Protein chains: 2
Amino acid sequence: MPARTPLDADIILAATEEILRRHGPDKATVVDVARALGVSHAAVYKHFASKQALREAVTRRWLDRTRDTLAVIAADRAVPPAQRLRAWLHAVLAGKQAKIREAPELFAAYGILAAAHSTVATDHVADLLGQLTAIIADGAADGGFRTGDAEATARAVFHATVRFHHLAHAGEWQNPGIDTDLDDVCSLLLEGLQAPASP
Amino acid sequence: MPARTPLDADIILAATEEILRRHGPDKATVVDVARALGVSHAAVYKHFASKQALREAVTRRWLDRTRDTLAVIAADRAVPPAQRLRAWLHAVLAGKQAKIREAPELFAAYGILAAAHSTVATDHVADLLGQLTAIIADGAADGGFRTGDAEATARAVFHATVRFHHLAHAGEWQNPGIDTDLDDVCSLLLEGLQAPASP
DNA sequence: CTGGTTACAAATATCAAGTTCTGTAACTTG
DNA sequence: CAAGTTACAGAACTTGATATTTGTAACCAG
């Protein structure tokens with residue numbers, strides 16, 4: 001019996017996200033997703049080539065929402081670049097803390113994906129690096145940042161703040177001192193970026 | 001039949017390290033260690049309270065050797081603090097790369113220990129932080145570092161270089177660009193430390 | 001021919017059995 | 001009694017039979 005509901009990619013993604021949220025990434029099967037939609041599991045394979053592809057699509061959608069939120073902060077010319085950099089880095093951390101709190105299962109799914117070397121993870125990092133580069137380029141233009149290559153500098157800042165955004169350190173984000181720690185690293189980096197001249 | 005060999009803690013530790021090296025941390029049992037020494041496994045328990053304690057003792061010995069090597073670099077007053085800081089951070093990375101290359105099984109054992117929240121890991125970090133603090137204190141005294149609290153600054157530097165010493169990032173230490181990456185972060189941090197005045 | 005179905009092979013996961021390992025205790029010997 | 005032994009209970013690991021899941025193919029309705 002066909003034509004119960006139309007069943008397109010979006011509906012499948014929403015259902016998958018729900019199943020993932022409920023069952024967690026290890027126990028969520030595509031049979032579960034199909035059952036939730038009232039179709040056979042082969043039907044979802046008409047829309048997604050593999051379980052891996054389905055997982056990636058869900059995670060990508062989820063990460064893109066984060067990216068868009070952060071983009072607003074990164075592009076806000078009203079805030080001076082130094083302050084904006086600090087705010088952006090704190091927002092990255094706060095966003096991930098919120099994700100863990102609200103959807104630990106989805107967060108775990110992202111971890112599995114990252115470990116599997118999916119492009120979803122590297123693409124997301126590239127997006128964030130782009131935003132960081134924009135902030136630093138702004139700072140070089142009018143905020144007193146002394147930097148030749150904004151992209152290389154962005155990479156260095158990203159590497160120096162790995163503890164505050166890389167999944168491997170998610171456990172430390174619960175520490176009460178984590179925001180102070182980030183502030184301290186920010187201060188050190190901003191000092192370096194804003195230094196009038198190098199010896 | 002007693003009194004074949006004396007059997008003290010050191011002999012057991014050496015045998016354990018050998019077994020660990022050969023079998024890896026998951027497959028190495030205390031029965032294996034005892035067999036290698038030609039005694040019953042209960043004999044080992046006369047010297048170490050538990051398998052966990054035995055593993056910790058082996059790892060602690062191993063890490064202490066690293067600590068001592070790095071201490072030489074940290075304490076070398078002949079090298080100016082800025083350069084010494086850079087050299088020390090590179091030595092930390094190089095040391096871990098060498099460990100992975102030469103004794104991946106022992107390295108894995110350390111990872112298991114760290115995950116189990118053993119004090120061995122936190123003690124080692126404390127040791128390294130102490131060395132870093134000493135370098136920065138030297139820099140504050142005579143190397144042109146502008147820092148109020150050497151210990152807090154050391155912590156910030158340690159956090160900012162997490163990618164280059166935390167086990168979670170061991171996979172990235174194979175990347176060809178890793179040394180350049182560390183250099184770039186070092187430069188940024190040193191710029192911050194040496195900045196003549198903050199805005 | 002789009003959007004679904006059922007049916008099936010291969011890869012994976014689960015579970016209950018037997019086995020090995022950890023840790024303790026009671027025992028032996030110089 | 002120091003330095004070991006054997007013996008044993010419970011926890012943790014194999015192992016292999018069974019069940020689920022993934023992914024594909026051949027088939028059907030509008």
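Here the structure is a predicted model, which means the values were calculated and not measured.
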A.B. asks: Ignoring hydrogens and geometry, is there a side-chain-to-backbone donor-acceptor pair from R86(B) to P81(B) under 3.5 Å?
C.D. replies: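 No; zero donor-acceptor contacts below 3.5 Å.
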A.B. asks: Pairs under 3.5 angstrom only: tabulate donor-acceptor contacts from the side chains of residues 20-38 of chain A to other protein residues two or more places apart or in another chain.
C.D. replies:
from   : atom 1 : to     : atom 2 : distance (Å)
R21(A) : NH2    : E17(A) : OE2    : 2.8
R22(A) : NH2    : E18(A) : OE2    : 3.2
H23(A) : ND1    : I19(A) : O      : 3.4
T29(A) : OG1    : V31(A) : N      : 3.3
T29(A) : OG1    : D32(A) : N      : 3.0
T29(A) : OG1    : D32(A) : OD2    : 3.2
D32(A) : OD1    : R35(A) : NH2    : 2.8
D32(A) : OD2    : T29(A) : N      : 3.2

A.B. asks: Just do the side chain to side chain contact (heavy atoms under 4.5 Å, CB included) check on L85(A) and C186(A) with the steps written out, would you?
C.D. replies: CA-CA 8 Å; L85(A) 179 62; C186(A) 277; over 6 Å; no
A.B. asks: Just distance, no hydrogens or angles: give the donor-acceptor pairs under 3.5 Å from side chains in residues 129-142 of chain B, sequence neighbours left out.
C.D. replies:
from    : atom 1 : to      : atom 2 : distance (Å)
Q131(B) : OE1    : A71(B)  : N      : 3.4
Q131(B) : OE1    : W88(B)  : NE1    : 2.9
Q131(B) : NE2    : R67(B)  : O      : 3.0
T133(B) : OG1    : L129(B) : O      : 2.7
D138(B) : OD1    : R77(B)  : NH2    : 3.4
D138(B) : OD2    : R77(B)  : NE     : 2.9
D138(B) : OD2    : R84(B)  : NH1    : 2.8
D138(B) : OD2    : R84(B)  : NH2    : 3.4

A.B. asks: Nearest-Å distance, CG (L37(A)) to C1' (dT5(C))?
C.D. replies: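 My rounded result for the distance is 16 Å.
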A.B. asks: Polar atoms only, N or O, under 3.5 Å: list the protein pairs with nucleotides 19-25 of chain D and their distances.
C.D. replies:
from    : atom 1 : to     : atom 2 : distance (Å)
dT22(D) : OP1    : V30(A) : N      : 3.4
dT22(D) : OP1    : K51(A) : NZ     : 2.7
dT22(D) : OP2    : V30(A) : N      : 3.0
dG23(D) : OP2    : Y45(A) : OH     : 2.9
dG23(D) : OP2    : K51(A) : N      : 2.7
dG23(D) : N7     : H41(A) : NE2    : 3.1
dG23(D) : O6     : H41(A) : NE2    : 3.0

A.B. asks: Can you check the L7(B) CG to dA3(D) C1' distance for me, whole Å?
C.D. replies: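 It works out to 9 Å between those atoms.
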A.B. asks: What is the distance, rounded to the nearest whole Å, between atom NE2 of H47(B) and atom P of dA3(D)?
C.D. replies: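 Distance check: H47(B) NE2 to dA3(D) P gives 7 Å.
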A.B. asks: Looking at the rings of H159(B) and H169(A), which for Trp means the six-membered one, are their centres under 6.0 Å apart?
C.D. replies: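 Distance test on ring centres: not under 6.0 Å, no.
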A.B. asks: Hey, do the aromatic rings of F158(A) and H165(A) have their centres closer than 6.0 Å?
C.D. replies: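 Yes, the ring centres sit under 6.0 Å apart.
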A.B. asks: Round to a whole Å and report the spacing from CD1 of I19(B) to P of dT22(C).
C.D. replies: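 Taking atom P of dT22(C) as the reference, CD1 of I19(B) is at 12 Å.
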A.B. asks: Tell me: CG of D8(A) to P of dT2(C), nearest whole Å?
C.D. replies: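 Roughly 16 Å, once rounded to whole Å.
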